Asker: 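This is the structure, below, for whatever I ask next.
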Amino acid sequence: MTTVQFRMEGGRITGFDAVGHSGYAEEGSDIVCAAVTSAVRLVEATVNDVLGLAASVKVREKDAAILFRLPGGLDPMTENTCQSLLTGLMVYFTQLHDEYPDNVEVLEEDEPSSPF
């Protein structure tokens, strides 16, 4: 199962942790894992490469994890853009969970800490 945990701080999405293989199919043929990875990469590329921010991204291959954290101190327009992207990602993963409930779990956790 892939678990996507969105990190919240005072109503702001500060990032997410996507951990684990979905188990839908063999590694390399798993369309659910591919959907998760593609969505995560799109958000990361938009935040870091298009908007030019320095969001923290950590990949842990041993447990198939991608950890993403937004930087603090963003101007209001950039913050709004990032929140829209992350909210869209949350909606997407929730819809993916609805289609594949045995393979994707979506959680929210309110905690003001960062593993980086």
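Quick caveat, the model's predicted, so the values are computed rather than measured.
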Asker: Please step through side-chain contact (heavy atoms from CB on, under 4.5 Å) for the pair Phe93 and Val40, ending with a clear verdict.
Answerer: CA-CA 10 Å; Phe93 284 143; Val40 166; 3.9 Å; yes
Asker: Is there a donor-acceptor pair under 3.5 Å between the side chain of Thr78 and the backbone N or O of Leu74?
Answerer: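 No; zero donor-acceptor contacts below 3.5 Å.
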Asker: Evaluate Val36 against Ser22 for side-chain contact (heavy atoms from CB on, under 4.5 Å), listing each step before the verdict.
Answerer: CA-CA 9 Å; Val36 170; Ser22 76; over 6 Å; no
Asker: Taking the side chain as C-beta and beyond, is there a heavy-atom pair between Ile66 and Lys58 under 4.5 Å?
Answerer: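 Of all side-chain heavy-atom pairs linking Lys58 with Ile66, none is under 4.5 Å.
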Asker: Quick one: does any side-chain atom of Ser29 pair with a main-chain N or O of Ala25 as donor and acceptor, under 3.5 Å?
Answerer: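 Here the side-chain-to-backbone pair does not exist.
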Asker: Between Arg12 and Glu79, does any side-chain N to carboxylate O distance fall below 4.0 Å?
Answerer: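 Result for this pair is yes, salt bridge flagged.
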Asker: Working note: Asp17 + Arg69, criterion side-chain contact (heavy atoms from CB on, under 4.5 Å); need CA distance, chi angles, decisive distance, verdict.
Answerer: CA-CA 9 Å; Asp17 302 342; Arg69 297 293 183 277; 2.8 Å; yes
Asker: Looking only at heavy atoms, what is the nearest atom pair of Thr94 and Val106, with distance?
Answerer: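 Reported closest heavy-atom pair: N-CG2, 3.9 Å.
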Asker: To the nearest 0.5 angstrom, please state how far the OG atom of Ser84 sits from the CD1 atom of Ile13.
Answerer: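 With rounding to 0.5 Å, OG (Ser84) is 9.5 Å from CD1 (Ile13).
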Asker: Give the cluster check for Tyr92 versus Leu42: same hydrophobic cluster or not, with ILVMFWY residues linked at side-chain heavy-atom distances below 4.5 Å.
Answerer: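 Cluster IDs for Tyr92 and Leu42 differ.
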Asker: Measure the shortest side-chain to side-chain distance between Phe6 and Glu109 over non-hydrogen atoms and say whether it is less than 4.5 angstrom.
Answerer: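 Heavy-atom side-chain distance check fails, nothing below 4.5 Å.
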Asker: Please report the C-alpha distance between Thr2 and Asn103 in whole Å, then the side-chain angles of each, then the deciding distance to 0.1 Å, and finally whether the side-chain contact (heavy atoms from CB on, under 4.5 Å) criterion is met.
Answerer: CA-CA 6 Å; Thr2 298; Asn103 307 99; over 6 Å; no
Asker: Ignoring hydrogens and angles, tell me if any N or O in the side chain of Thr14 forms a donor-acceptor pair with the backbone of Arg7 under 3.5 Å.
Answerer: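 Yes, because the side chain of Thr14 sits within donor-acceptor range (under 3.5 Å) of the backbone of Arg7.
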Asker: Let me check something: do Met1 and Val4 share a hydrophobic cluster, defined by ILVMFWY side-chain heavy atoms less than 4.5 Å apart, either directly or through other members?
Answerer: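 Different hydrophobic clusters.
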Asker: Cluster question for you: counting only ILVMFWY and a side-chain heavy-atom cut-off of under 4.5 Å, with indirect links fine, are Leu53 and Val43 together?
Answerer: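 Leu53 clusters together with Val43.
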Asker: Among Leu107, Leu67, Leu86, Leu70, exactly one meets side-chain contact (heavy atoms from CB on, under 4.5 Å) together with Phe16. Which residue is that?
Answerer: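 With Phe16 as partner, side-chain contact (heavy atoms from CB on, under 4.5 Å) holds for just one option, Leu86.
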Asker: Under a 4.5 Å cut-off applied to non-hydrogen side-chain atoms, are Val104 and Val32 in contact?
Answerer: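 In contact.
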